[in-house]
Amino acid sequence: MTEVTVLYFATYREQAGVSTERMSVTGDRVNLGELMRKICLEHPNITSESNKIVAAVNEEYQDHDHILNNGDTVALIPPVSGGCQTY
Amino acid sequence: MTEVTVLYFATYREQAGVSTERMSVTGDRVNLGELMRKICLEHPNITSESNKIVAAVNEEYQDHDHILNNGDTVALIPPVSGGCQTY
Amino acid sequence: MLTERYRVRITEEKLNPSDATDFASSERHGATVVFHGVTRNHTDSRKVILLEYEAYIPMAVKKLEEIASEMCSKWDVRVAIDHRLGRVDIGEESLVVAVGSPHRQAAFEAADYSVDRIKQTVPIWKKEHFEGGEIWIGDVDGFRPLEQKSN
Amino acid sequence: MLTERYRVRITEEKLNPSDATDFASSERHGATVVFHGVTRNHTDSRKVILLEYEAYIPMAVKKLEEIASEMCSKWDVRVAIDHRLGRVDIGEESLVVAVGSPHRQAAFEAADYSVDRIKQTVPIWKKEHFEGGEIWIGDVDGFRPLEQKSN
(Lines give C-alpha, C1' and ligand atoms only; values in the text may rest on other atoms or scores of the structure.)
Protein backbone atom coordinates (compact mmCIF):
# COMPACT_ATOMS: atom_id res chain seq x y z
CA MET A 1 0.00 0.00 0.00
CA THR A 2 1.53 3.29 -1.17
CA GLU A 3 -0.11 6.59 -0.23
CA VAL A 4 0.80 9.81 -2.03
CA THR A 5 -0.44 13.39 -2.43
CA VAL A 6 -1.48 14.25 -5.97
CA LEU A 7 -1.41 17.81 -7.33
CA TYR A 8 -3.32 18.90 -10.44
CA PHE A 9 -2.53 22.04 -12.42
CA ALA A 10 -4.05 24.01 -15.29
CA THR A 11 -5.93 21.72 -17.69
CA TYR A 12 -5.60 18.70 -15.41
CA ARG A 13 -6.93 20.67 -12.44
CA GLU A 14 -10.00 21.74 -14.39
CA GLN A 15 -10.58 18.27 -15.82
CA ALA A 16 -10.15 16.50 -12.47
CA GLY A 17 -12.22 19.14 -10.69
CA VAL A 18 -9.75 19.10 -7.81
CA SER A 19 -6.36 20.67 -7.20
CA THR A 20 -5.00 18.29 -4.60
CA GLU A 21 -5.98 14.93 -3.12
CA ARG A 22 -4.58 11.92 -1.24
CA MET A 23 -4.47 8.70 -3.21
CA SER A 24 -3.55 5.12 -2.28
CA VAL A 25 -2.39 2.36 -4.61
CA THR A 26 -2.29 -1.22 -3.44
CA GLY A 27 1.07 -2.89 -3.69
CA ASP A 28 4.63 -2.55 -2.54
CA ARG A 29 6.62 -1.30 -5.51
CA VAL A 30 4.05 0.90 -7.20
CA ASN A 31 5.43 2.93 -10.09
CA LEU A 32 4.35 6.29 -11.46
CA GLY A 33 2.66 4.72 -14.49
CA GLU A 34 0.34 2.63 -12.30
CA LEU A 35 -0.65 5.72 -10.34
CA MET A 36 -1.43 7.56 -13.59
CA ARG A 37 -3.67 4.72 -14.74
CA LYS A 38 -5.55 4.85 -11.44
CA ILE A 39 -5.91 8.63 -11.66
CA CYS A 40 -7.35 8.39 -15.18
CA LEU A 41 -9.85 5.75 -14.06
CA GLU A 42 -10.99 7.90 -11.14
CA HIS A 43 -11.10 11.10 -13.20
CA PRO A 44 -12.58 10.08 -16.55
CA ASN A 45 -12.72 13.74 -17.63
CA ILE A 46 -8.94 13.76 -17.97
CA THR A 47 -8.60 13.53 -21.72
CA SER A 48 -4.92 12.56 -21.91
CA GLU A 49 -4.01 8.91 -22.17
CA SER A 50 -2.47 7.88 -18.87
CA ASN A 51 0.80 6.80 -20.45
CA LYS A 52 1.24 10.26 -22.03
CA ILE A 53 0.91 12.23 -18.80
CA VAL A 54 4.10 13.90 -17.61
CA ALA A 55 4.47 13.90 -13.85
CA ALA A 56 6.88 15.13 -11.22
CA VAL A 57 7.64 13.36 -7.97
CA ASN A 58 8.74 15.62 -5.13
CA GLU A 59 9.31 18.47 -7.62
CA GLU A 60 11.41 16.49 -10.07
CA TYR A 61 10.27 15.09 -13.42
CA GLN A 62 10.30 11.29 -13.46
CA ASP A 63 9.74 8.50 -15.96
CA HIS A 64 6.69 6.27 -15.53
CA ASP A 65 8.82 3.39 -14.26
CA HIS A 66 9.90 5.48 -11.27
CA ILE A 67 8.96 3.69 -8.01
CA LEU A 68 6.85 5.70 -5.58
CA ASN A 69 7.38 5.94 -1.85
CA ASN A 70 4.85 6.51 0.87
CA GLY A 71 4.36 10.23 1.37
CA ASP A 72 5.60 11.32 -2.07
CA THR A 73 4.06 14.39 -3.70
CA VAL A 74 3.13 13.65 -7.29
CA ALA A 75 2.20 16.51 -9.64
CA LEU A 76 0.57 16.10 -13.05
CA ILE A 77 2.32 18.57 -15.35
CA PRO A 78 0.60 19.68 -18.55
CA PRO A 79 2.86 20.97 -21.33
CA VAL A 80 4.27 24.21 -19.92
CA SER A 81 3.83 27.67 -21.39
CA GLY A 82 5.56 30.19 -19.19
CA GLY A 83 7.70 32.98 -20.50
CA CYS A 84 5.99 34.79 -23.30
CA GLN A 85 3.45 34.27 -26.04
CA THR A 86 5.95 34.12 -28.84
CA TYR A 87 8.38 31.59 -30.15
CA MET B 1 39.30 77.70 -56.18
CA THR B 2 37.19 75.52 -53.85
CA GLU B 3 36.47 76.68 -50.34
CA VAL B 4 35.16 74.26 -47.72
CA THR B 5 34.60 74.02 -43.98
CA VAL B 6 36.64 71.29 -42.32
CA LEU B 7 35.58 69.60 -39.06
CA TYR B 8 37.95 67.61 -36.84
CA PHE B 9 36.81 65.09 -34.24
CA ALA B 10 38.40 63.03 -31.48
CA THR B 11 42.01 62.09 -32.34
CA TYR B 12 42.10 64.35 -35.40
CA ARG B 13 40.79 67.30 -33.40
CA GLU B 14 43.51 66.87 -30.80
CA GLN B 15 46.24 66.33 -33.41
CA ALA B 16 45.15 69.30 -35.54
CA GLY B 17 44.68 71.49 -32.46
CA VAL B 18 41.49 72.88 -34.00
CA SER B 19 37.91 71.63 -34.26
CA THR B 20 36.78 73.61 -37.30
CA GLU B 21 38.39 75.78 -39.96
CA ARG B 22 37.84 77.15 -43.46
CA MET B 23 40.17 75.82 -46.11
CA SER B 24 40.68 76.64 -49.79
CA VAL B 25 42.18 74.43 -52.44
CA THR B 26 43.22 75.90 -55.78
CA GLY B 27 41.58 74.33 -58.79
CA ASP B 28 38.22 73.62 -60.28
CA ARG B 29 37.51 69.97 -59.75
CA VAL B 30 39.22 69.36 -56.44
CA ASN B 31 38.61 65.95 -54.98
CA LEU B 32 38.49 64.81 -51.37
CA GLY B 33 41.92 63.13 -51.62
CA GLU B 34 43.59 66.40 -52.61
CA LEU B 35 41.99 68.17 -49.65
CA MET B 36 43.24 65.44 -47.31
CA ARG B 37 46.79 65.85 -48.63
CA LYS B 38 46.59 69.60 -48.03
CA ILE B 39 45.22 69.08 -44.52
CA CYS B 40 48.05 66.69 -43.65
CA LEU B 41 50.64 69.19 -44.93
CA GLU B 42 49.15 72.00 -42.86
CA HIS B 43 48.71 69.82 -39.76
CA PRO B 44 51.85 67.70 -39.58
CA ASN B 45 50.79 66.35 -36.17
CA ILE B 46 48.08 64.29 -37.85
CA THR B 47 49.67 60.87 -37.79
CA SER B 48 47.45 59.12 -40.33
CA GLU B 49 48.59 58.96 -43.94
CA SER B 50 46.34 61.28 -45.93
CA ASN B 51 45.14 58.49 -48.21
CA LYS B 52 43.94 56.48 -45.21
CA ILE B 53 41.77 59.20 -43.69
CA VAL B 54 38.03 58.55 -43.88
CA ALA B 55 35.99 61.67 -44.48
CA ALA B 56 32.37 62.69 -44.83
CA VAL B 57 31.11 65.44 -47.11
CA ASN B 58 27.90 67.09 -45.98
CA GLU B 59 27.32 64.29 -43.45
CA GLU B 60 27.78 61.42 -45.89
CA TYR B 61 30.86 59.21 -46.18
CA GLN B 62 32.62 59.65 -49.53
CA ASP B 63 35.52 58.08 -51.44
CA HIS B 64 38.65 60.17 -52.01
CA ASP B 65 37.80 60.67 -55.67
CA HIS B 66 34.62 62.51 -54.68
CA ILE B 67 34.63 66.04 -56.20
CA LEU B 68 34.16 68.87 -53.72
CA ASN B 69 31.90 71.87 -54.20
CA ASN B 70 32.27 75.35 -52.83
CA GLY B 71 30.67 75.53 -49.40
CA ASP B 72 30.84 71.79 -48.62
CA THR B 73 31.34 70.69 -45.05
CA VAL B 74 34.06 68.06 -44.83
CA ALA B 75 34.54 66.06 -41.63
CA LEU B 76 37.54 63.88 -40.82
CA ILE B 77 36.16 60.74 -39.21
CA PRO B 78 38.44 58.58 -37.05
CA PRO B 79 37.42 54.94 -36.64
CA VAL B 80 34.22 55.09 -34.64
CA SER B 81 33.64 53.55 -31.23
CA GLY B 82 30.15 54.35 -30.08
CA GLY B 83 27.87 51.83 -28.46
CA CYS B 84 29.63 49.92 -25.77
CA GLN B 85 33.07 48.76 -24.73
CA THR B 86 32.55 45.19 -25.70
CA TYR B 87 32.48 43.21 -28.88
CA MET C 1 29.50 32.99 -4.30
CA LEU C 2 27.64 31.08 -7.02
CA THR C 3 24.25 31.69 -5.45
CA GLU C 4 24.82 35.44 -5.55
CA ARG C 5 25.17 35.45 -9.31
CA TYR C 6 21.49 34.86 -9.91
CA ARG C 7 18.13 35.37 -8.33
CA VAL C 8 14.70 34.20 -9.44
CA ARG C 9 11.27 35.44 -8.37
CA ILE C 10 7.72 34.32 -8.94
CA THR C 11 5.19 36.94 -7.95
CA GLU C 12 1.65 38.19 -8.47
CA GLU C 13 2.90 41.78 -8.45
CA LYS C 14 3.68 43.82 -11.56
CA LEU C 15 7.25 43.13 -12.61
CA ASN C 16 9.94 45.74 -12.18
CA PRO C 17 12.48 45.47 -15.03
CA SER C 18 14.84 48.08 -13.63
CA ASP C 19 15.15 46.15 -10.39
CA ALA C 20 16.10 43.02 -12.35
CA THR C 21 18.52 45.08 -14.45
CA ASP C 22 20.16 46.44 -11.29
CA PHE C 23 20.60 42.94 -9.90
CA ALA C 24 22.27 41.75 -13.13
CA SER C 25 24.72 44.64 -13.31
CA SER C 26 28.25 44.86 -12.02
CA GLU C 27 31.20 47.19 -12.43
CA ARG C 28 32.88 44.44 -14.45
CA HIS C 29 30.06 44.44 -17.02
CA GLY C 30 29.93 46.23 -20.33
CA ALA C 31 26.51 44.99 -21.37
CA THR C 32 23.12 44.10 -19.97
CA VAL C 33 20.43 42.49 -22.10
CA VAL C 34 16.90 42.59 -20.71
CA PHE C 35 14.15 40.45 -22.19
CA HIS C 36 10.52 41.45 -21.55
CA GLY C 37 7.82 38.89 -22.35
CA VAL C 38 4.61 40.88 -22.71
CA THR C 39 0.94 40.02 -23.19
CA ARG C 40 0.10 40.67 -26.82
CA ASN C 41 -3.35 41.59 -28.12
CA HIS C 42 -3.52 38.65 -30.51
CA THR C 43 -2.50 35.04 -31.07
CA ASP C 44 -2.61 34.35 -34.77
CA SER C 45 -6.02 35.79 -35.59
CA ARG C 46 -7.56 35.48 -32.09
CA LYS C 47 -8.12 38.74 -30.25
CA VAL C 48 -6.60 38.27 -26.80
CA ILE C 49 -8.18 39.98 -23.78
CA LEU C 50 -5.73 38.93 -21.08
CA LEU C 51 -3.53 36.04 -19.98
CA GLU C 52 -3.75 34.26 -16.68
CA TYR C 53 -0.67 32.47 -15.34
CA GLU C 54 -0.61 29.58 -12.88
CA ALA C 55 2.44 27.77 -11.50
CA TYR C 56 3.51 24.86 -9.39
CA ILE C 57 5.36 27.44 -7.40
CA PRO C 58 8.07 25.55 -5.46
CA MET C 59 8.98 23.42 -8.47
CA ALA C 60 8.88 26.44 -10.81
CA VAL C 61 11.29 28.29 -8.51
CA LYS C 62 13.57 25.25 -8.45
CA LYS C 63 13.52 24.92 -12.25
CA LEU C 64 14.14 28.64 -12.77
CA GLU C 65 17.08 28.40 -10.38
CA GLU C 66 18.44 25.46 -12.36
CA ILE C 67 18.21 27.50 -15.57
CA ALA C 68 19.86 30.55 -13.99
CA SER C 69 22.61 28.38 -12.52
CA GLU C 70 23.13 26.71 -15.89
CA MET C 71 23.45 30.17 -17.54
CA CYS C 72 26.07 31.18 -14.98
CA SER C 73 28.08 28.05 -15.64
CA LYS C 74 27.95 28.41 -19.45
CA TRP C 75 28.63 32.16 -19.61
CA ASP C 76 30.28 34.85 -17.48
CA VAL C 77 26.96 36.45 -16.50
CA ARG C 78 24.76 37.61 -13.66
CA VAL C 79 21.08 36.74 -14.05
CA ALA C 80 17.73 37.90 -12.67
CA ILE C 81 14.58 36.05 -13.73
CA ASP C 82 11.16 37.33 -12.66
CA HIS C 83 7.93 35.59 -13.64
CA ARG C 84 4.50 36.95 -12.87
CA LEU C 85 1.42 34.88 -11.97
CA GLY C 86 -2.27 35.63 -12.11
CA ARG C 87 -3.89 38.02 -14.54
CA VAL C 88 -1.52 39.84 -16.92
CA ASP C 89 -3.16 42.48 -19.09
CA ILE C 90 -2.19 43.47 -22.64
CA GLY C 91 1.13 45.32 -22.64
CA GLU C 92 2.13 44.07 -19.19
CA GLU C 93 5.14 41.86 -18.56
CA SER C 94 4.78 38.20 -17.60
CA LEU C 95 8.51 37.55 -17.77
CA VAL C 96 11.61 39.67 -17.29
CA VAL C 97 15.07 38.17 -17.73
CA ALA C 98 18.03 40.50 -17.14
CA VAL C 99 21.50 39.26 -18.05
CA GLY C 100 24.65 41.27 -17.40
CA SER C 101 28.09 40.34 -18.69
CA PRO C 102 31.49 41.80 -19.43
CA HIS C 103 30.75 40.96 -23.08
CA ARG C 104 27.61 41.65 -25.00
CA GLN C 105 27.55 38.43 -27.02
CA ALA C 106 27.39 36.36 -23.84
CA ALA C 107 24.55 38.54 -22.56
CA PHE C 108 22.55 38.14 -25.78
CA GLU C 109 23.14 34.40 -26.03
CA ALA C 110 22.32 33.69 -22.41
CA ALA C 111 19.13 35.79 -22.48
CA ASP C 112 17.89 34.09 -25.65
CA TYR C 113 18.76 30.68 -24.23
CA SER C 114 16.90 31.33 -20.97
CA VAL C 115 13.60 31.98 -22.74
CA ASP C 116 13.92 28.71 -24.66
CA ARG C 117 14.70 26.78 -21.50
CA ILE C 118 11.84 28.33 -19.54
CA LYS C 119 9.45 27.00 -22.17
CA GLN C 120 10.96 23.53 -21.90
CA THR C 121 10.92 22.73 -18.22
CA VAL C 122 9.36 25.31 -15.90
CA PRO C 123 5.89 24.33 -14.61
CA ILE C 124 4.08 27.56 -15.40
CA TRP C 125 0.95 27.61 -17.53
CA LYS C 126 -1.14 30.29 -19.08
CA LYS C 127 -4.77 30.47 -19.92
CA GLU C 128 -5.54 32.76 -22.78
CA HIS C 129 -8.80 34.66 -22.45
CA PHE C 130 -9.81 35.69 -25.95
CA GLU C 131 -12.94 37.12 -27.50
CA GLY C 132 -15.34 34.21 -27.43
CA GLY C 133 -13.61 31.88 -25.01
CA GLU C 134 -10.59 30.77 -23.07
CA ILE C 135 -7.99 28.12 -23.57
CA TRP C 136 -5.02 26.66 -21.71
CA ILE C 137 -1.94 27.10 -23.87
CA GLY C 138 0.62 24.33 -23.82
CA ASP C 139 3.53 23.81 -26.12
CA VAL C 140 3.51 20.05 -26.54
CA ASP C 141 6.47 20.11 -28.93
CA GLY C 142 8.58 22.46 -26.85
CA PHE C 143 7.94 20.70 -23.56
CA ARG C 144 11.08 18.73 -22.68
CA PRO C 145 10.73 17.87 -19.02
CA LEU C 146 13.15 14.98 -18.79
CA GLU C 147 16.00 16.37 -20.83
CA GLN C 148 17.76 17.80 -17.83
CA LYS C 149 16.82 15.30 -15.12
CA SER C 150 20.41 14.57 -14.19
CA ASN C 151 20.85 18.08 -12.75
CA MET D 1 3.89 55.87 -40.50
CA LEU D 2 7.45 54.62 -41.01
CA THR D 3 8.96 57.51 -39.09
CA GLU D 4 6.84 56.65 -36.05
CA ARG D 5 8.31 53.19 -35.77
CA TYR D 6 11.67 54.44 -34.52
CA ARG D 7 13.21 57.30 -32.65
CA VAL D 8 16.85 58.10 -31.96
CA ARG D 9 18.36 60.45 -29.39
CA ILE D 10 21.81 61.76 -28.65
CA THR D 11 22.05 63.45 -25.28
CA GLU D 12 24.38 64.49 -22.49
CA GLU D 13 21.77 63.45 -19.91
CA LYS D 14 21.70 60.10 -18.14
CA LEU D 15 19.81 57.60 -20.28
CA ASN D 16 16.36 56.38 -19.30
CA PRO D 17 15.92 52.74 -20.40
CA SER D 18 12.27 52.53 -19.39
CA ASP D 19 11.43 55.49 -21.60
CA ALA D 20 13.08 53.72 -24.56
CA THR D 21 11.28 50.49 -23.64
CA ASP D 22 7.94 52.32 -23.60
CA PHE D 23 8.58 53.79 -27.03
CA ALA D 24 9.38 50.36 -28.47
CA SER D 25 6.30 48.69 -27.07
CA SER D 26 2.93 48.14 -28.68
CA GLU D 27 -0.17 46.11 -27.98
CA ARG D 28 0.80 43.92 -30.94
CA HIS D 29 4.11 42.99 -29.31
CA GLY D 30 4.91 39.90 -27.28
CA ALA D 31 8.56 40.73 -26.67
CA THR D 32 10.87 43.64 -26.01
CA VAL D 33 14.64 43.25 -25.91
CA VAL D 34 16.59 46.08 -24.33
CA PHE D 35 20.34 46.35 -24.74
CA HIS D 36 22.31 48.46 -22.27
CA GLY D 37 25.91 49.36 -23.14
CA VAL D 38 27.57 50.26 -19.86
CA THR D 39 30.95 51.68 -18.84
CA ARG D 40 32.98 48.82 -17.47
CA ASN D 41 35.76 49.14 -14.90
CA HIS D 42 38.38 47.53 -17.11
CA THR D 43 39.56 47.05 -20.68
CA ASP D 44 41.71 43.95 -20.82
CA SER D 45 43.98 44.63 -17.86
CA ARG D 46 43.64 48.44 -17.83
CA LYS D 47 41.69 49.88 -14.92
CA VAL D 48 39.15 52.26 -16.44
CA ILE D 49 38.13 55.43 -14.56
CA LEU D 50 35.49 56.79 -16.94
CA LEU D 51 34.66 57.10 -20.62
CA GLU D 52 34.11 60.32 -22.48
CA TYR D 53 31.98 60.29 -25.63
CA GLU D 54 32.11 62.80 -28.48
CA ALA D 55 30.00 62.84 -31.64
CA TYR D 56 29.59 64.58 -34.95
CA ILE D 57 26.04 65.11 -33.77
CA PRO D 58 23.97 65.81 -36.91
CA MET D 59 25.68 63.04 -38.87
CA ALA D 60 25.46 60.63 -35.91
CA VAL D 61 21.71 61.27 -35.66
CA LYS D 62 21.38 60.68 -39.40
CA LYS D 63 23.34 57.41 -39.24
CA LEU D 64 21.41 56.17 -36.20
CA GLU D 65 18.18 56.92 -38.05
CA GLU D 66 19.44 54.95 -41.04
CA ILE D 67 20.17 51.97 -38.77
CA ALA D 68 16.78 52.19 -37.04
CA SER D 69 15.03 52.48 -40.39
CA GLU D 70 16.99 49.52 -41.73
CA MET D 71 15.94 47.47 -38.66
CA CYS D 72 12.29 48.37 -39.28
CA SER D 73 12.52 47.26 -42.89
CA LYS D 74 14.25 43.95 -42.08
CA TRP D 75 12.07 42.99 -39.09
CA ASP D 76 8.60 43.74 -37.74
CA VAL D 77 9.90 45.93 -34.91
CA ARG D 78 9.68 49.28 -33.19
CA VAL D 79 13.03 50.76 -32.19
CA ALA D 80 14.38 53.37 -29.77
CA ILE D 81 18.09 54.13 -29.78
CA ASP D 82 19.58 56.50 -27.20
CA HIS D 83 23.27 57.38 -27.10
CA ARG D 84 24.86 59.44 -24.39
CA LEU D 85 27.72 61.94 -24.88
CA GLY D 86 30.22 63.45 -22.48
CA ARG D 87 31.46 61.76 -19.35
CA VAL D 88 29.96 58.35 -18.59
CA ASP D 89 30.99 56.87 -15.25
CA ILE D 90 31.46 53.16 -14.42
CA GLY D 91 28.12 51.38 -14.35
CA GLU D 92 26.31 54.09 -16.31
CA GLU D 93 24.77 53.53 -19.72
CA SER D 94 26.28 55.00 -22.87
CA LEU D 95 23.86 53.22 -25.18
CA VAL D 96 20.33 51.93 -24.81
CA VAL D 97 18.61 50.12 -27.69
CA ALA D 98 15.02 48.96 -27.10
CA VAL D 99 13.43 46.71 -29.72
CA GLY D 100 9.82 45.56 -29.51
CA SER D 101 8.28 42.97 -31.79
CA PRO D 102 5.39 40.55 -32.03
CA HIS D 103 8.04 37.80 -32.00
CA ARG D 104 10.98 37.47 -29.68
CA GLN D 105 13.46 36.16 -32.23
CA ALA D 106 13.05 39.30 -34.34
CA ALA D 107 13.58 41.45 -31.26
CA PHE D 108 16.78 39.60 -30.30
CA GLU D 109 18.18 39.62 -33.82
CA ALA D 110 17.43 43.27 -34.48
CA ALA D 111 18.89 44.40 -31.14
CA ASP D 112 22.09 42.43 -31.67
CA TYR D 113 22.36 43.72 -35.24
CA SER D 114 21.92 47.35 -34.18
CA VAL D 115 24.92 47.24 -31.86
CA ASP D 116 27.11 45.85 -34.65
CA ARG D 117 25.92 48.51 -37.09
CA ILE D 118 26.44 51.35 -34.60
CA LYS D 119 30.08 50.34 -34.35
CA GLN D 120 30.44 50.32 -38.13
CA THR D 121 29.10 53.68 -39.23
CA VAL D 122 28.00 56.09 -36.51
CA PRO D 123 30.46 58.96 -35.91
CA ILE D 124 30.70 58.69 -32.15
CA TRP D 125 34.03 58.27 -30.39
CA LYS D 126 35.10 57.52 -26.90
CA LYS D 127 38.14 58.46 -24.93
CA GLU D 128 39.01 56.01 -22.24
CA HIS D 129 40.42 57.57 -19.09
CA PHE D 130 42.33 54.85 -17.31
CA GLU D 131 44.75 54.76 -14.40
CA GLY D 132 47.88 56.32 -15.83
CA GLY D 133 46.54 57.95 -18.97
CA GLU D 134 43.87 58.38 -21.58
CA ILE D 135 43.37 57.08 -25.08
CA TRP D 136 40.92 57.50 -27.95
CA ILE D 137 39.43 54.13 -28.75
CA GLY D 138 38.77 53.34 -32.37
CA ASP D 139 37.90 50.03 -33.92
CA VAL D 140 39.86 50.17 -37.17
CA ASP D 141 38.71 46.71 -38.24
CA GLY D 142 35.05 47.22 -37.39
CA PHE D 143 34.80 50.65 -39.03
CA ARG D 144 32.93 50.22 -42.34
CA PRO D 145 31.87 53.70 -43.33
CA LEU D 146 31.27 53.17 -47.02
CA GLU D 147 29.41 49.88 -46.93
CA GLN D 148 26.04 51.50 -46.85
CA LYS D 149 26.62 54.68 -48.87
CA SER D 150 23.76 53.98 -51.22
CA ASN D 151 21.21 54.60 -48.45
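Keep in mind it's a predicted model, so treat the numbers as computed, not measured.
Of all residues in residues 27-58 of chain B, those placing a non-hydrogen atom less than 4.5 angstrom from a non-hydrogen atom of chain D are V54(B), A56(B), N58(B). Within residues 9-26 of chain B, the residues having any heavy atom under 4.5 Å from a heavy atom of chain D are, by residue number, F9(B), A10(B), T11(B), R13(B), E14(B).
When all heavy atoms of P58(D) and E59(B) are compared, the closest pair comes out as CB-OE2, 3.3 Å. Residues P79(B) and F143(D) approach most closely at CA-CD2, 3.5 Å, considering heavy atoms. Considering every non-hydrogen atom in both I118(D) and V80(B), the closest pair reads O-CG2, 4.1 Å.
To the nearest 0.5 Å, atom CD1 of residue I77(B) and atom OG1 of residue T121(D) are 10.5 Å apart. Taken from OH in Y56(D) to CG in L76(B), the straight-line distance is 11.0 Å, to the nearest 0.5 Å.
If you measure heavy-atom distances from A55(D) to chain B, the contacts under 4.5 Å come from the backbone alone.
For residues 69-102 of chain D, every residue pair satisfying the ring pair (Phe, Tyr, Trp, His ring centres under 6.0 Å) rule, not counting sequence neighbours, is listed here: Y53(D)-H83(D), W75(D)-Y113(D). Under the salt bridge (Lys or Arg N to Asp or Glu O under 4.0 Å) criterion, the residue pairs touching residues 85-94 of chain D are K14(D)-E92(D), R84(D)-E92(D), R87(D)-D89(D), with sequence neighbours excluded.
Without hydrogens or angle criteria, S81(B) side chain to K126(D) main chain gives a donor-acceptor distance under 3.5 Å.
The side-chain heavy atoms of M59(D) and E60(B), taken from C-beta on, include no pair separated by under 4.5 Å.
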